[in-house]
Amino acid sequence: MNIHLMTPLGFTGYGYVGLNILDTLSDSHNVALSPIGPAQPESAQQVEKINKAIESVHLIPTDSPALKIWHQFDLLTRPGNGKYFTLPFFEVDTFNDKEKFHLNFVDEIIVTCSWAKKVIQNAGIDKPIHIVPMGVDTQIFAPTAVQPPDQKYVFLNIGKWEKRKAHDTIIHCFNKAFNESDNVELWMATSNPFLTPEEEKTWLDLVDQSKLRDKIKVFPRLPNHEAVAELMSYSHCGIYISRGEGWNMELLETMSMGKPVIASNYSAHTQYCTEDNSFLVDMPDTEPAVDNKFFFGQSNWGKIGKDQIDQTINHMRYCFDNKIVSNPSGIETAKNLSWKNCCHQLIGCIS
């Protein structure tokens, strides 16, 4: 099959999805690639596939189907003139008029979960909508025994500093769940390249002001997937109580490595997080999404109140007290969410 693909390739969430979809699709289909921004491959094999797909642009018929993996507010530029599909990621429940216009410009829409499909339908966008869950590289994120440098129980969160990602709540819950005598740590790989130095300092100050400051480690930006997997291998439990997600690759990657996870039961998490593979934090209500950086109250995300804080504290304490270090159901979930399965479903929609 011939496909026009337009996507970022690299270190953002969109870029990682683009790399994995290109890598998988190009094994069995003719892909013409139009990168969004500079390509940032992680391996020589990816470089070869990227170059081949870019060089194939003039060889693929212009009326072949096109897939653009990009934001819902920037869909007017597209490759080729065949049927036009888009795969956007969004974390809130309402679109503005510009976003609606761009989504209505495409022929068909692909989303990652039932929650996202409902958001688009509620916006009155009358386009065919397909649900295609994203994937995980189970070779890189393979089950592994915990390799801690000492006997501390380690909670790990990976995801750029954002109020949406609830890092403020995670730090607060860690302080409430434990005390100085508990042999526990919280690791945060939370670098956000979109923040100013002053904005990043605000987050780091939150860590420095913590009563358990000596038990919290903040890591710099990790260079590739292998480094992410290595860091995960030293942890015991992932914690991802986000106010809203378009997918959350790190959560599924943590499951794939056989780690227990504490996860908010809201937005895209609901597509693959269950009571069998996650310690769920129920989040039935929403509130205006405001962080005065990326979100300004025109839409809503999951509400974190006292009940969600109490649930999170209880889950953290339970995992620590009972030394929960494995997640066989999470491993099985990840096996069913490979990039191969993702691309198989994509082709089913596009063809």
Side-chain angles (χ1 to χ4, degrees), residues 89-94 111-122 131 133-134 155-159 162-178 184 186 188 235-256 259-291 295 297 299-322 324-334 336-337:
F89 295 86
F90 48 89
E91 304 91 0
V92 290
D93 67 354
T94 310
V111 294
T112 65
C113 60
S114 298
W115 173 84
K117 180 176 181 178
K118 184 178 180 181
V119 171
I120 292 178
Q121 290 173 328
N122 288 345
I131 297 174
M134 296 295 99
F155 291 93
L156 174 65
N157 173 269
I158 302 178
E162 266 192 76
K163 183 177 179 180
R164 175 177 63 85
K165 297 265 186 189
H167 296 117
D168 51 348
T169 304
I170 291 171
I171 294 169
H172 173 76
C173 291
F174 182 72
N175 286 331
K176 291 293 185 179
F178 305 108
V184 63
L186 172 63
M188 308 187 76
S235 71
H236 296 83
C237 179
I239 179 165
Y240 302 94
I241 53 169
S242 175
R243 292 175 166 90
E245 289 289 344
W247 181 248
N248 201 337
M249 294 178 67
E250 293 85 1
L251 170 55
L252 182 58
E253 290 162 356
T254 305
M255 283 188 191
S256 184
K259 310 291 183 179
V261 293
I262 300 169
S264 50
N265 191 22
Y266 182 69
S267 62
H269 289 180
T270 58
Q271 192 68 24
Y272 59 96
C273 292
T274 68
E275 292 182 351
D276 292 329
N277 62 26
S278 307
F279 292 94
L280 294 175
V281 175
D282 291 325
M283 206 172 284
D285 301 320
T286 61
E287 64 183 1
V290 180
D291 64 4
F295 303 94
S299 52
N300 301 296
W301 56 26
K303 181 178 180 179
I304 295 179
K306 182 179 184 301
D307 184 46
Q308 287 67 44
I309 290 172
D310 289 344
Q311 290 179 64
T312 303
I313 291 170
N314 290 338
H315 287 325
M316 295 180 82
R317 194 72 215 187
Y318 177 84
C319 290
F320 171 78
D321 288 339
N322 294 279
I324 307 298
V325 296
S326 64
N327 186 0
S329 294
I331 294 172
E332 291 304 310
T333 298
N336 293 323
L337 291 172

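FYI, side chains are in, hydrogens and waters are out, and symmetry mates aren't considered; it's all heavy atoms of this structure.
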Looking only at heavy atoms, the pair that brings W247 and P133 closest together is CH2-CB, 3.6 Å
Let's go through S278 and M255 carefully: what are the C-alpha distance in whole Å and the side-chain angles of both, what is the deciding distance for side chain to side chain contact (heavy atoms under 4.5 Å, CB included) to 0.1 Å, and is it a yes or a no? CA-CA 9 Å; S278 307; M255 283 188 191; 3.3 Å; yes
Look up atom NE2 in H167 and atom OG in S242, then write down how far apart they are to the nearest 0.5 Å. 8.5 Å
Can you tell which of T270, D307, N265, I304 makes a side chain to side chain contact (heavy atoms under 4.5 Å, CB included) with M283? I304
E332-N336 side chain donor-acceptor pair, cut-off 3.5 Å: no
Looking at N248 and H269, would you say the former's side chain and the latter's main chain have a donor-acceptor pair under 3.5 Å? no
Can you list everything that forms a ring-ring contact (aromatic ring centres under 6.0 Å, His included) with F279? Sequence neighbours excluded, please. H315, Y318
The criterion is side-chain contact (heavy atoms from CB on, under 4.5 Å); which residues satisfy it with P288, sequence neighbours excluded? V290, N300
Please examine the side chains of H172 and I309, heavy atoms only from C-beta on, and report whether any two atoms are closer than 4.5 Å. yes
Passes side chain to side chain contact (heavy atoms under 4.5 Å, CB included), I324 versus C237? Steps please. CA-CA 8 Å; I324 307 298; C237 179; over 6 Å; no
Taking the side chain as C-beta and beyond, is there a heavy-atom pair between P284 and Q308 under 4.5 Å? yes
Looking at every non-hydrogen atom in both residues, tell me the closest pair between A116 and V111 and how far apart they are. CB-CB, 3.8 Å
Ignoring hydrogens, what is the shortest heavy-atom contact between Q271 and T112? Give both atom names and the distance. CG-O, 3.6 Å
To the nearest 0.5 angstrom, please state how far the CG atom of N122 sits from the NZ atom of K117. 12.0 Å
With a 4.5 Å heavy-atom cut-off, do H236 and P260 have their side chains touching? no
Do C273 and L251 come within less than 4.5 Å of each other through their side chains, counting heavy atoms only? yes
Can you tell me how far the CG atom of N327 sits from the OG1 atom of T333, to the nearest 0.5 Å? 7.5 Å
Closest approach of W115 to E245 (non-hydrogen atoms, all atoms of both residues): CZ3-O, 4.0 Å
Scan I170, T169, I171 and name whichever one has a side chain to side chain contact (heavy atoms under 4.5 Å, CB included) with C173. T169
For R243 and F295, run side chain to side chain contact (heavy atoms under 4.5 Å, CB included): C-alpha distance rounded to whole Å, both residues' side-chain angles, the deciding distance at 0.1 Å, then the answer. CA-CA 12 Å; R243 292 175 166 90; F295 303 94; over 6 Å; no
Between the main-chain N or O of K303 and the side-chain N or O of Y266, is there a donor-acceptor pair closer than 3.5 Å? no
Decide, yes or no, whether a salt bridge links K165 with D291 under the criterion of side-chain N to carboxylate O below 4.0 Å. no
How long is the span from the OG1 atom in T254 to the CD1 atom in I239, to the nearest 0.5 Å? 11.5 Å
Taken to the nearest 0.5 Å, the spacing of I331 CD1 from N277 CG works out to 11.0 Å
Under the criterion side chain to side chain contact (heavy atoms under 4.5 Å, CB included), I'd like the reasoning laid out for M316 against F174: C-alpha separation, chi angles, the key distance, then a yes or no. CA-CA 8 Å; M316 295 180 82; F174 182 72; 3.9 Å; yes
Positive for ring-ring contact (aromatic ring centres under 6.0 Å, His included) with F155, one of F178, F320, Y240: F178
So, taking the atom named CD1 in I313 and the one named NZ in K306, what distance separates them when rounded to the nearest 0.5 Å? 8.5 Å
